[in-house]
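Values in this document were obtained by computation on a predicted structure and should not be read as measured data. Numbering starts at 1 and runs along the sequence shown. Just so it is clear, the values below take in all heavy atoms, side chains as well, and ignore hydrogens, waters and symmetry mates.
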Amino acid sequence: MSESQVWTDVDDHFTTLLAPADEVLTAALRDSDAAGLPPINVAPNQGKLLQLLAEIQGARRILEIGTLGGYSTIWLGRALPADGRLITLEYDPRHADVARANLARAGLDGITEVRVGPALESLAKLADENPDPFDLVFIDADKVNNPHYVEWAVRLTRPGSVIVLDNVVRGGAVTDGTSTDPSVRGTRAALDLIASHPKLSGTAVQTVGSKGYDGFALARVLA
């Protein structure tokens, strides 16, 4: 048995035991696939991790950068109280339409909002609204702009807020300081920012599983 198959089998075991699929989540993946969206959503056990982080945080306001079909949005939205709020930013209008339908099916359309457009533009507009601080920010969009997304996350949060940055391993290429890959360079810059920012304390963790070899960074906003 190949190493990658072992990873997938373990993920399947953990998911079946601790993060079993339900009709809403299954339909979200099915409809995303039918619409031709790329299969780059978080794994179910990773989605459950996001939900648990939001619940542990006691989050009432969540910001997601990168919606895709709304699969991770559903996991995060389920952690919110009835009067909570989740704003998710998506570049592609077609993806946003799929996500809105998936969120409506999940009964989360009343507390979630999908905003369409380049995320940096959407973040600037959001800041102009002077919103209440977000308790948790999940960043899973284009990797080139990761350092900018982290900077915006710090600006739009409060001391004690949590920032999760996904897909930071880049197949191991994150260690290559000579890489010309824009996604690697953007990810390295974001990690450097987390390491040096006076308002952030963070770490990063490698993962293996059904999505292959990857990982995420986790940071807490300091006073």
Residue pairs meeting side-chain hydrogen bond (donor to acceptor under 3.5 Å, both in side chains), one or both in residues 198-208, sequence neighbours left out, come to Q206-Y213
P81 and A59 have their tightest heavy-atom pair at CD-O, 3.5 Å
_Is it the case that over 12 heavy atoms from other parts of the model lie below 6.0 angstrom from the CZ atom of R188?_
yes
Residue set satisfying side-chain hydrogen bond (donor to acceptor under 3.5 Å, both in side chains) with R100, at least two apart, ordered chain then number -> D97
Students should find that the hydrophobic cluster of L222, defined by side-chain heavy atoms under 4.5 Å apart, otherwise consists of none
Exercise answer: donor-acceptor pairs, residues 82-89 side-chain atoms, under 3.5 Å, sequence neighbours excluded:
| from | atom 1 | to | atom 2 | distance (Å) |
| --- | --- | --- | --- | --- |
| D83 | OD1 | R60 | NH2 | 2.6 |
| D83 | OD2 | R60 | NH2 | 2.5 |
| R85 | NH2 | E113 | OE1 | 2.9 |
| T88 | OG1 | E64 | OE1 | 2.6 |
| T88 | OG1 | T67 | OG1 | 2.6 |

Taken in chain and number order and not counting sequence neighbours, the residues that satisfy salt bridge (charged side-chain N to carboxylate O under 4.0 Å, His left out) with D22 are R78
With sequence neighbours left out, the residues meeting salt bridge (charged side-chain N to carboxylate O under 4.0 Å, His left out) with E3 are none
Sequence neighbours excluded, the answer for side-chain hydrogen bond (donor to acceptor under 3.5 Å, both in side chains) partners of R105 is D31, N102
Students should find that the hydrophobic cluster of I40, defined by side-chain heavy atoms under 4.5 Å apart, otherwise consists of L37, L68, V98
Residues at least two apart in sequence or cross-chain that pass side-chain hydrogen bond (donor to acceptor under 3.5 Å, both in side chains) with D140, listed by chain then number, are K143
Would you be so kind as to tabulate the donor-acceptor pairs closer than 3.5 Å made by side chains of residues 42-50, with sequence neighbours excluded?
| from | atom 1 | to | atom 2 | distance (Å) |
| --- | --- | --- | --- | --- |
| N45 | ND2 | D11 | OD1 | 2.8 |
| Q46 | OE1 | A43 | N | 2.9 |
| K48 | NZ | L18 | O | 2.9 |

Considering only distance and modelled atom types, tabulate donor-acceptor pairs under 3.5 Å from the side chains of residues 168-179, sequence neighbours left out.
| from | atom 1 | to | atom 2 | distance (Å) |
| --- | --- | --- | --- | --- |
| R170 | NH1 | N167 | O | 3.3 |
| T175 | OG1 | G172 | O | 3.1 |
| D176 | OD1 | T178 | N | 2.9 |
| D176 | OD1 | T178 | OG1 | 2.6 |
| D176 | OD1 | S179 | N | 3.4 |
| S179 | OG | D181 | N | 3.1 |

Apart from Y91 itself, its cluster of hydrophobic side chains linked below 4.5 Å comprises none
